[in-house]
Amino acid sequence: MTTKELPVINLFDTKTRKLQALKSSDGKSLRIYGCGPTVYRDAHVGNMRTFLLSDIVIRLAKYIGYEIRFIQNITDVGHMSEDFVEDKILAQAKAESKDPYEIAKIYEARFHTDLKLLNITPADKYPKASECIDLMHNLINELIKKDHAYVGSDNCVYFSAQTFPSYGAISGNRLDSLKPGHRFEYSEAGAKRFHADWALWKAAENRTQMIWNSPWGNGFPGWHVECSAMSLHYLNGFVDLHLGGIDLRFPHHENERAQSNCIIDKEAVALWLHGEHLLFEGRKMAKSSNNVVLVSDLIARNIDPLALRLCFLENRYRSQMDLSWDSLKAAHQLLQRWREKILIWQASDSMQSDEGEILISQIVADLCDDLDTPRALQKIRSIEKSQSISDGVKLEVFNKIDKLFGLDLFNPPNQSKNLPDHLNEILIQRQKARSEGNFSESDRLRDLLSENGIAVNDSKDGQTWNWLISD
RNA sequence: GGUCGGAUGGCCGAGAGGCGAGGCUCGGGACUGCAAAUCCCGCUACACGGGUUCAAAUCCCGUUCCGACCUCCA
């Protein structure tokens, strides 16, 4: 190994609103925490964009040489739905007539499946809120002891926002300009000392499922407290990088920061990184607007899920992005083209060279510059098209960058996944007809295959086929 | 009302004061039995009005429009 200094990864920190170097505070590993899903429904592709953000940072940091410790929570309790009466999981359990833990288990499994389809690096641990109740009790006790929290007349435990002077630093909100009366939470503020205080522990009241005994009676944890408890516990008291969707900036991360900082009496998170939201065909992706696209919807249209990954990489994480079926198809085709090119280049031996090393380091530099994936992809395209770079060097560069981008570029382009026998038979017949010069028959069979969703291409080496992307 | 982003060709989108990113679509050509794929060529855009500058999509001021967050959300 060389003694060269590692390249610095600069990321936009939401709190300071400046680029900031990502650093390991213990000199050993990067301690990363990402807010994970509430497992009451399928995660949609907008959620995936945020989860991809952590993957890009982690792949880059690993590539550069960091050890990573990455924790992502699974919220299976305590995330209240809009009316602030019912927990999201419990509401879904009722809707599906299932046990709430069964609901959580089903959707957590699907979450992991989607991550895998998108080549998103798994976290080292996925702690569940329901399994960390003791951690949360300890944290709440400590906050009460330090006078940052109090037990209300309703037997809920509240965090006292006014005891944390820098409240609002992440979101730009100021406590005095957060007007009371917003939405639902104020309606039960009778027990709270201040309208912006939030519940750390909620009394069970009429609830019978997903409740735990506690020093304050039966109840369940508030949503924000789980991330403080888990991050401090599993990352040994400090977070080098905290990730999440932009909407979590307030109130979730603001409250989490207050809780964590008050526990350790200093800044608990060095860098806050937030991913912007995704629109689909111009509209916000939300259940309420009936505009939700799942990874499984892409697969149903024969779009490679990694085309979604490529679409995301073509946009910067900090801008809102408008995804469409057209952009997904374009990305799908680009993936195909790269995979075909790689097959051709593989006729040459992969060649290590200074030229290749320089190209790769330029791409790494783009990623280190606040994850400028669009610019990095631009370089990759120009390498692909270059007349002056040899196939061997191209192969070497693509091989290295595939680890950073996670696009499985070395998979064969035409994977004959699940080709039904009768269609395979038509393919064989067509090849036969064509080799016999019976072009009217081969054209007829090509049309027939097309009707069955298969595109046939003839080349010098015979025919190849692809699934057509459906509209 | 508060805070923060945007506006780029047929479409999507990057953009670093100075040679028109790139992709998709479309048109022409090469190749092909014909297609497809691929390769080559073509299609000269930056919301509006001022300003700074030798030079502005880029910097500054103003205007219009769009969006996000402001106690559900990735």
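Basis for what follows: all heavy atoms, side chains included, without hydrogens, waters or symmetry-related copies. All values reported here derive from a predicted model rather than from experimental measurement. Order of the sequence lines sets the chain letters (A, B, ...), proteins ahead of strands, with each chain counted from 1.
Close to B:A74, at under 4.0 Å from its OP1 or OP2, lies a side-chain N or O of A:Asn47. Between A:Lys341 and the phosphate of B:C39, there is a side-chain N or O to OP1/OP2 separation shorter than 4.0 Å.
The CG atom of A:Asp447 sits 13 Å away from the P atom of B:A35 (whole-angstrom rounding). When the C1' atom of B:A74 is taken as reference, atom CD1 of A:Ile246 falls 10 Å away, rounded to whole Å. Rounded to whole Å, atom P of B:C12 lies 15 Å from atom CG of A:Leu278. Atom CD of A:Gln336 is separated from atom P of B:A36 by 17 Å (rounded to the nearest Å).
Summarising the base pairing, B:A68 is matched to B:U3 through a Watson-Crick or G-U wobble pair whose two defining distances lie under 3.5 Å. A 3.5 Å limit on both hydrogen-bonding distances identifies B:C26 as the Watson-Crick or G-U partner of B:G42. Within the shown strands, nothing qualifies as a pairing partner of B:C31 under the Watson-Crick or G-U definition with both distances less than 3.5 Å.
Taking the salt bridge (Lys or Arg N to Asp or Glu O under 4.0 Å) definition, one finds that A:Glu384 meets it with A:Arg337, A:Lys341, sequence neighbours left out. Applying the side chain to side chain donor-acceptor pair (under 3.5 Å) test to A:Asp443 and every residue at least two apart in sequence or in another chain returns A:Arg446. With sequence neighbours excluded, the residues forming a ring pair (Phe, Tyr, Trp, His ring centres under 6.0 Å) with A:Phe280 are A:Trp325, listed by chain and number. For the ring pair (Phe, Tyr, Trp, His ring centres under 6.0 Å) test, no residue two or more places apart in sequence or in another chain qualifies with A:His277.
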note = In 5'-to-3' order, the base (B), backbone-only (S) or no-contact (-) status of each nucleotide in nucleotides 22-33 of chain B, using a 4.0 angstrom heavy-atom cut-off, is SSS--------B
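Nucleotides B:C11 and B:C46 are separated by 13 Å at their P atoms, to the nearest Å. Across the C1' atoms, B:A45 and B:C40 are found 24 Å apart, a figure rounded to whole Å.
Note on residues 107-123 of chain A: pairs passing salt bridge (Lys or Arg N to Asp or Glu O under 4.0 Å), not counting sequence neighbours, are A:Asp42-A:Arg110, A:Glu108-A:Lys128.
Checked against B:U71, B:C69, B:A37, the side chain of A:Ala196 finds its nearest nucleotide in B:U71. You'll find that the side chain of A:Phe250 is closest to B:C70, out of B:C70, B:A74, B:A16.
Ion pairing of A:Asp304 with A:Arg339 is present here, as a side-chain N (NZ or NE/NH1/NH2) and a carboxylate O approach within less than 4.0 Å.
Here A:Gly46 lies in heavy-atom contact (under 4.0 Å) with a base.
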